[in-house]
Structures are given as structure tokens and as C-alpha cells.
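First the structure, in the form of C-alpha cells, and then the observations on it.
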Amino acid sequence: MKITDFALIFMAITLPMIIIVYVNVSFTIKSQELEMYYQKVVDIAMEDAVYEMKEVENSDKEIDYGYSGTSNKKVNINAEVGVNTFFNTLYKNLNIEGNESAESYLQLFVPAIAIVDYNGVQISSNQEFQKINENGTEETMTKHVLGPKRYYTYTYSIIRNGLEYSYVDGVPNSGNIVSTHTVEFTMDDYITHRGYNYTEDEDIITQSFYIDDAKNNREITAGVVSSEEAKLRSELVTHLLDIRKSVIVDTVTKELNQAVNRNNRYARSAGITYTFAFPATTQDEMYSVIENVGIVAFIQGISIGNKYLNSKAYGVASVEQKTRFYFTAPNDKSKYKMNLYHKDIECPEYRISKINDMVPKYATSKQQAATAVTRGTLFDKKQVFQGFYPCPLCNP
């Protein structure tokens with residue numbers, strides 16, 4: 001056989017392989033370019049949503065959020081504005097703005113959006129509704145709808161075995177239940193507590209307080225009448241502080257997971273064969289998200305070359321600076337002869353009574369300020385100060 005024959009055979013064998021490799025590489029490069037493009041579009045939409053949904057307003061003195069802006073302001077978010085802005089930016093950057101059918105179809109590839117707020121989460125997900133079209137007939141449409149807020153809720157019960165008391169998660173089906181308790185967590189240690197006291201056969205008064213605030217947290221052990229109450233309360237305080245973040249993450253994750261799974265039914269009705277699923281790695285990432293209010297969105301199932309887009313996007317409406325409650329101790333010129341904390345350094349009482357070397361100089365919540373222990377020089381003597389009260393002038 002001639003050399004040319006071997007060459008032809010070699011080319012006949014290797015040429016298809018070269019073509020297949022070339023096509024696969026081309027598809028891979030193209031898919032990577034598309035993935036980067038879509039991810040950039042999603043990131044821009046997320047930035048716009050975070051910016052637009054953040055509202056700054058005067059703080060509600062009935063609620064101490066524990067974090068605020070520099071001028072007695074707190075961050076509040078408008079969930080509906082956040083979701084609408086996210087989608088509107090997507091529509092503009094993908095050149096489908098105003099095309100109702102295309103917009104509705106794109107929403108199917110966004111199985112869930114979570115607005116993570118200070119004390120709860122709202123989920124925007126696809127839902128079916130009936131609409132009268134131009135012909136006057138009724139048709140079924142699918143559209144993102146923002147659901148009610150789900151609070152970061154945890155339930156426990158106190159039970160008695162003989163003379164000993166203990167707590168368990170949830171409400172047991174049997175046993176000597178002394179009281180049941182429902183706690184609504186927030187992004188800091190501020191909680192709302194309610195429940196039922198079986199010993200007194202009455203509801204536990206709903207109260208909001210910091211978990212470790214000994215002056216106000218006695219009801220977390222309602223119904224315990226033995227000398228073990230203080231010990232059990234200390235254990236519960238530690239337990240609640242430990243599980244706060246996991247309860248928040250579990251609440252957000254559960255709501256998102258349910259929304260993503262529901263989206264499969266609507267997608268199949270629209271002819272989409274992709275199976276939407278909650279990203280497996282998201283729960284770990286959530287722990288960094290819940291430090292501040294923000295937004296989480298998933299975009300899945302869009303074909304990009306030889307694979308599908310599976311994108312996660314996070315945005316945080318961070319607070320630039322926490323509220324600072326500044327400490328003072330009374331001197332000869334002070335109007336009020338007590339240790340005070342102030343919200344405003346321009347307060348006349350603060351300017352008269354401030355101690356330049358006070359350490360620490362401030363706290364970031366009222367509860368921390370009230371229970372703080374500080375040190376500083378007063379009357380040319382190093383002293384320890386504790387027991388601070390809100391200033392009657394600046395009224396923190």
C-alpha cells in the first residue's frame with residue numbers, strides 16, 4: 001500500500017475527530033461568553049434592585065431596631081420596588097422591555113426571589129391568574145407575585161418531670177407541658193416573644209426585648225416556679241443566641257426551596273423541559289447574606305451553548321453606620337446627676353458632661369448602653385461607671 005493511501009486513511013480517521021473537538025471547543029467558548037454576559041446582566045439588575053428598594057425614614061421610637069443611620073434613621077426596604085426593579089432592568093438589558101409575552105416567559109426562568117428583611121422574608125415567585133385578553137376571552141397567565149412576610153419563627157416548650165424542668169423544640173404531643181413559647185428572631189438579638197402559660201392558664205403577654213436583657217426576658221421561662229428558674233433561663237438565653245442565625249437561614253431556605261419546586265409546574269405548562277432545583281450550595285452562602293437586609297435571586301434554565309444557565313445573585317442593602325449611644329458621667333456643671341447615654345453629640349448635656357478618655361465611648365443599642373461598664377477620668381481620678389440612663393434632653 002502506498003504512503004498516500006496511509007495518509008488518506010489517517011485523514012479519514014482523524015478529520016472527524018478534529019471537527020468534533022473544534023465544534024465542542026467552539027460551543028464551550030460560546031457558552032462561557034454567554035454565561036458571563038447573562039451573569040453581568042443579572043448582577044446589574046441586582047445592584048439596581050438593592051439601590052431602589054432601600055428607603056431611609058425616621059426611626060419608629062416604639063421599635064428599637066438595633067441598627068440605624070447617622071441621623072436617627074433606619075434602613076427600611078420596599079420589597080415590591082426591589083422585585084419590580086430587578087425585572088425591569090433585566091427587560092431593558094435583554095431588549096424585551098414592553099413585550100409582555102417575552103417578559104412573562106423570562107419570569108419563568110426566575111423561579112424565586114427572596115427579599116430578606118430585618119424580621120422576616122418575602123418570596124416573589126410565579127403564580128397563575130386569570131386575565132381577559134383583547135378578544136374578551138379569559139386566559140391563564142403566569143406572573144411573579146410577592147407573597148406575605150414569613151417571620152423568623154422558633155417554637156419551644158417547657159416541660160416538667162417531677163421537680164425538674166427542661167425545654168424542648170416545638171410542642172410535644174404528650175408530657176407535662178408547663179408553657180409553650182414562640183420567638184420571632186431578627187438580624188440582631190432583638191426578639192418578639194409570645195406564648196401560653198399552662199400553670200396560670202393564660203396567654204403570655206407579647207413583648208419585644210433583647211434576648212439577654214435580664215430585666216425583660218423573664219417570660220421565656222413562664223410557668224417555672226422552682227429555684228431552677230434562673231438556671232433554665234440562662235440555658236435558654238444561650239440556646240436562643242446560638243440558634244438565631246440557623247433559624248433565619250432555615251426560614252429563608254425553606255421558602256426559596258418551596259418556590260423553586262412550585263415553578264416546575266408552571267414551566268412545564270409553558271413547554272420548558274428544564275427541571276428547576278434549589279442550588280445545593282446556597283444554604284452555606286446564606287449565613288453571610290443574613291447579616292444585613294437584602295435580596296436573593298435565582299435564574300436557571302436559560303440555554304447557553306451546550307449547557308444551561310444556573311445563576312445565583314445576592315445583594316445587600318447594608319447600613320453605612322450603626323446608631324451610636326454616647327456615654328457621659330455627671331460633673332459640677334451637669335444638669336442631671338446621673339450616668340447618661342445620648343443619641344446626639346450636639347446634645348447640651350453631652351457637651352457639658354462628656355469624658356474625653358471614656359472607654360468605650362459609645363454602644364450601638366439601647367440595651368447595650370443601659371448595661372455598659374465604662375472607664376474614664378473624672379475629677380482627676382480614674383473611675384469605673386455603670387448604670388446608664390437615657391438622656392432626658394436628646395431622648396435616645
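Values below: all heavy atoms of this structure, side chains included; hydrogens, waters and symmetry mates excluded. Just so it is clear, the model here is predicted, and its values are computed rather than measured.
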- Strictly by modelled atom types, are N99 and E103 linked by a side-chain donor-acceptor pair under 3.5 Å? no

- Task: Can you measure from OG1 (T273) to CZ (R268) and round to the nearest 0.5 angstrom?
- Result: 11.0 Å

- Query: About how many Å separate CD1 of I96 and CG of L106, when rounded to the nearest 0.5 Å?
  - Reply: 4.5 Å

- Mind checking the CD1-CG spacing from I113 to L146? Nearest 0.5 Å is all I need. 9.0 Å

- Message: Over 60° means perpendicular and under 30° means parallel, so tell me whether Y91 and F87 are parallel, tilted or perpendicular.
- Response: parallel

- Task: Ignoring hydrogens and angles, tell me if any N or O in the side chain of T186 forms a donor-acceptor pair with the backbone of D188 under 3.5 Å.
- Result: yes

- Query: Would you find more than 12 non-hydrogen atoms of other residues, nucleotides or ligands less than 6.0 Å from K337 atom NZ?
  - Reply: yes

- E346, CD: over 12 other non-hydrogen atoms inside 6.0 angstrom: yes

- Message: Are the side chains of Y165 and V225 in contact, using a 4.5 Å heavy-atom criterion?
- Response: yes

- Message: Counting C-beta onward and ignoring hydrogens, is there a side-chain heavy-atom pair between T251 and T153 closer than 4.5 Å?
- Response: no

- Message: Quick check against the 3.5 Å criterion: does N217 have a side-chain atom that pairs as donor or acceptor with the backbone of I211?
- Response: yes

- Message: Using every non-hydrogen atom in the two residues, find where V110 and N126 come nearest and quote the distance to one decimal.
- Response: O-ND2, 3.8 Å

- Task: Would you please indicate if the ring centroids of F327 and F385 are separated by under 6.0 Å?
- Result: no

- In the hydrophobic cluster built from side-chain contacts under 4.5 Å, what are the other members alongside V359? none

- Item | K361 atom NZ: more than 12 heavy-atom contacts under 6.0 Å | yes

- Query: What residues form a ring pair (Phe, Tyr, Trp, His ring centres under 6.0 Å) with Y196, not counting sequence neighbours?
  - Reply: Y198

- Query: Would you call the rings of Y350 and H342 parallel, tilted or perpendicular, where under 30° means parallel and over 60° means perpendicular?
  - Reply: perpendicular

- Backbone N or O of T85 within a donor-acceptor pair of the D48 side chain at under 3.5 Å? no

- Heavy-atom side-chain proximity of I159 to P172 below 4.5 angstrom: yes

- Query: Would a distance-only check, ignoring hydrogens and angles, find a side-chain to backbone donor-acceptor pair under 3.5 Å from Q122 to G147?
  - Reply: yes

- Task: Return the set of residues passing ring pair (Phe, Tyr, Trp, His ring centres under 6.0 Å) with H181 (not counting sequence neighbours), or none when no residue passes.
- Result: Y156, H193

- Please check if atom CD in E164 has more than 12 non-hydrogen atoms from other residues, nucleotides or ligands closer than 6.0 Å. no

- Query: For the rings on F325 and Y362, is their centre-to-centre separation under 6.0 Å?
  - Reply: no

- Task: Could you grab the distance from atom CZ of F276 to atom CG of N310, nearest 0.5 Å is fine?
- Result: 9.5 Å

- Task: Verify the neighbour count for atom CD1 of I205: are there more than 12 heavy atoms of other residues, nucleotides or ligands below 6.0 Å?
- Result: no

- Message: Are more than 12 heavy atoms, taken from residues, nucleotides or ligands other than R233, located less than 6.0 Å from that residue's CZ atom?
- Response: yes

- Sidechain-backbone polar pair: N264 side chain, T275 backbone, donor-acceptor under 3.5 Å: no

- Quick one: does S104's side chain have a donor or acceptor within less than 3.5 Å of a partner on T142's backbone? yes

- Task: Decide if the gap between the ring center of H144 and the ring center of F86 is smaller than 6.0 angstrom.
- Result: no

- Do we see a donor-acceptor contact under 3.5 Å between the side chains of N331 and S334? yes

- Item | From CD1 (I290) to OG (S246), nearest 0.5 Å | 8.5 Å

- Test item: side-chain donor near acceptor, N119 and K149, under 3.5 Å: yes

- Message: I'd like to know if the side chain of Q300 and the backbone of A277 have a donor-acceptor N/O pair within less than 3.5 Å.
- Response: yes

- Message: Between Y154 and D169, is the side-chain hydrogen bond (donor to acceptor under 3.5 Å, both in side chains) condition met? List the steps.
- Response: CA-CA 8 Å; Y154 168 70; D169 292 342; 2.4 Å; yes

- Message: Could you check whether S208 and T192, counting side-chain N and O atoms only, form a donor-acceptor pair closer than 3.5 Å?
- Response: yes

- Using modelled atom types only, decide if a donor and an acceptor are shared between the side chain of N88 and the backbone of N84 within a distance under 3.5 Å. yes

- Message: Main chain of I123, side chain of E255: is a donor-acceptor contact present, judged purely on distance under 3.5 Å?
- Response: no

- Message: Using modelled atom types and a 3.5 Å cut-off, is there a donor and acceptor pairing between side-chain atoms of Y152 and backbone atoms of G120?
- Response: yes

